[in-house]
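Beneath this line is the structure, given in structure tokens, with notes to follow.
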Amino acid sequence: MTKASKSGWAENREDYAQTRVPAQYRTWSTVSLFGVMFGITTAMFFLSWGGTLVLAYGTQALVQGMLIASAVIGTLSYAWCKKASATGLGADLMSRSSGFGYFGSAVTSLIYTLTFIMFFAFEGSIMANAVHAQWRSVPMWAIYLATGLIIIPMTWFGMRLMNIIMWLTLPIYMGFLIITIIDAAKRPAHADFWSYMPDSATNPAAGPALLQVLAGALAVMSQVTVSADMGRFIPPQRRTSGAIIVGLAAQILTFGGCTVLGGWLTLRFGVSDPGRYLPAIMGAWGVLFVVVTQIRINVTNVYSGSIIYSTLFTRLFRFSPGRHWWVVLTTALGTALMFGGIYAHLNQVLTFEAVFIIAWVMAVVADMFVVKRALKLVPDDSPYERRELRDFNPVGLVALGVALAASVPMAFGLAGPLGVTLAPFVSGALAFVIVPIVAVATKGKYYTPEISSSTTLDTDPETSPATP
């Protein structure tokens, strides 16, 4: 094997999980990266989630909530994606210099990995339901195992193979989606979509329906960080146009498109899970539709999860076997959640997850736009190596800690049903406000490393040759 081919092999497996994407590798076209993001957008989860929301809260709350989510999450995705393109860093490495520190950012890494494992389980459960609905004799445990195993080889080689999978399966997806929409349009509607309201509101004590929809939408704030992971491959000279397409446009399609479509299909077919109604209307072809779609999204979930595990393990233990080996762990944990029946508690899990992911996202946003741009307390750069950072930065850690201390008990119901709904909003608002307060109080000194002999002599394992 030549030196060039070895380099290409390493790039395909690692995709620069441990370091900045070099300028010469940031040559991906916006169309290719959008293709990967579109694989997320077209996940069956959003069709299922849209159906769950419309049955619980009605069409008006669904549509209004998704329009707001498109604007808010789309704008944040644009900002993170643009920053990633300029720096060549993904969401995890960016967080180190955004108020958390080298070791402190391990907390956000854990939040990130749990998010991907959770969504892997949601998507895999939908695929398993589709297979079981068509072939009842196949046990669910076997389907769960197969669902996990087929993803590993497809994610092992990183972005290059993922991009090929996304574009090869796109025509199949679009063909089946058109057939599904035509079939749904011919059927008598169970209820008029635009005026639909459930017979009984889902726990009115939890607040207005729109507020409850938005609380769930905040759990999908992970779209912001995924946009950054894709955006780090965008050439810096195309970062604005690339961020509009890969960040903003992808989220508009996700929330304003697929999720609302899922609500419409649910009212046509009378059930929210596409893993159940697609096999019912197309038989084995419906199963194929679900399987192709879920493979598209779960390769992205496992890929992103493996990147974060790789950087987390290296940071804490100064050694990592490589990103590709974490593909196996991410898949195994996601499959375990499928066995645990996580899909049956979709709304509750999403609302609980929201308090964690939004606290992280809003803490970084406050650092990017308030601490570094408005207040100019520290330079607007993105160091990520250990010698460039303190081990812990109280700015992000205090903000995250206070936000979670206040919101997690609310998410568990200690403040009543309304408190559960408000928990994600409280979490995000506290993180955003506390970051600049702590940064001003500490005069930004924790953003720069302490000057000492140990600092200058310390070697960062992520940017140094690996020790045999």
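- The nearest pair of heavy atoms linking Met66 to Ala217 is CE-CB, 4.4 Å.
- With rounding to the nearest 0.5 Å, the separation of CG in Leu267 from CG in Leu62 is 9.0 Å.
- Remark: Phe412 engages Phe352 in a ring pair (Phe, Tyr, Trp, His ring centres under 6.0 Å) (not counting sequence neighbours).
- Separation of atoms CE (Met362) and CG (Leu400) is listed at 13.0 Å; rounding is to 0.5 Å.
- In this structure a side-chain-to-backbone donor-acceptor pair under 3.5 Å is present from Arg20 to Thr87.
- Atoms SG and CD1, from Cys258 and Ile252 in turn, are 13.0 Å apart once rounded to the nearest 0.5 Å.
- Between Val435 and Val370, every side-chain heavy-atom pair lies at or beyond the 4.5 Å cut-off.
- Looking at Phe356 and Leu110, their side chains never come closer than 4.5 Å, going by heavy atoms from C-beta outward.
- Between the CG atom of Leu89 and the CZ atom of Arg96 there is a distance of 9.0 Å, given to the nearest 0.5 Å.
- Within the 4.5 Å cutoff, no side-chain heavy atoms of Asp229 are placed close to those of Thr225.
- Pro424 places none of its side-chain heavy atoms less than 4.5 Å from the side chain of Met221.
- With sequence neighbours left out, the ring pair (Phe, Tyr, Trp, His ring centres under 6.0 Å) criterion links Phe432 to no other residue.
- Remark: of the listed residues Phe119, Tyr112, Phe120, Tyr112 is the sole one forming a ring pair (Phe, Tyr, Trp, His ring centres under 6.0 Å) with Phe116.
- Ile181 places a side-chain heavy atom less than 4.5 Å from the side chain of Leu261.
- Between Val364 and Phe100 the shortest side-chain heavy-atom distance falls below 4.5 Å.
- Ring geometry, Trp49 versus Phe255: the interplanar angle exceeds 60°, so the pair is classed perpendicular (tilted spans 30 to 60°).
- Proximity of Ser407 to Leu430: side-chain heavy atoms (C-beta onward) are nowhere separated by under 4.5 Å.
- Note on ring orientation: taking the six-membered ring where Trp is involved, the planes of Phe45 and Phe122 are parallel (angle under 30°, cut-offs 30° and 60°).
- Looking at every heavy atom in both residues, Ser85 comes nearest to Pro235 through OG-O, 3.4 Å.
- In this structure the side chain of Phe34 reaches within 4.5 angstrom of the side chain of Leu253, judged on heavy atoms.
- The side chain to side chain donor-acceptor pair (under 3.5 Å) test with Lys372 is passed by exactly one of Asp380, Asp367, Asp381: Asp367.
- Sparse packing is recorded around CD of Gln60, with 12 or fewer heavy atoms of other residues, nucleotides or ligands lying under 6.0 Å away.
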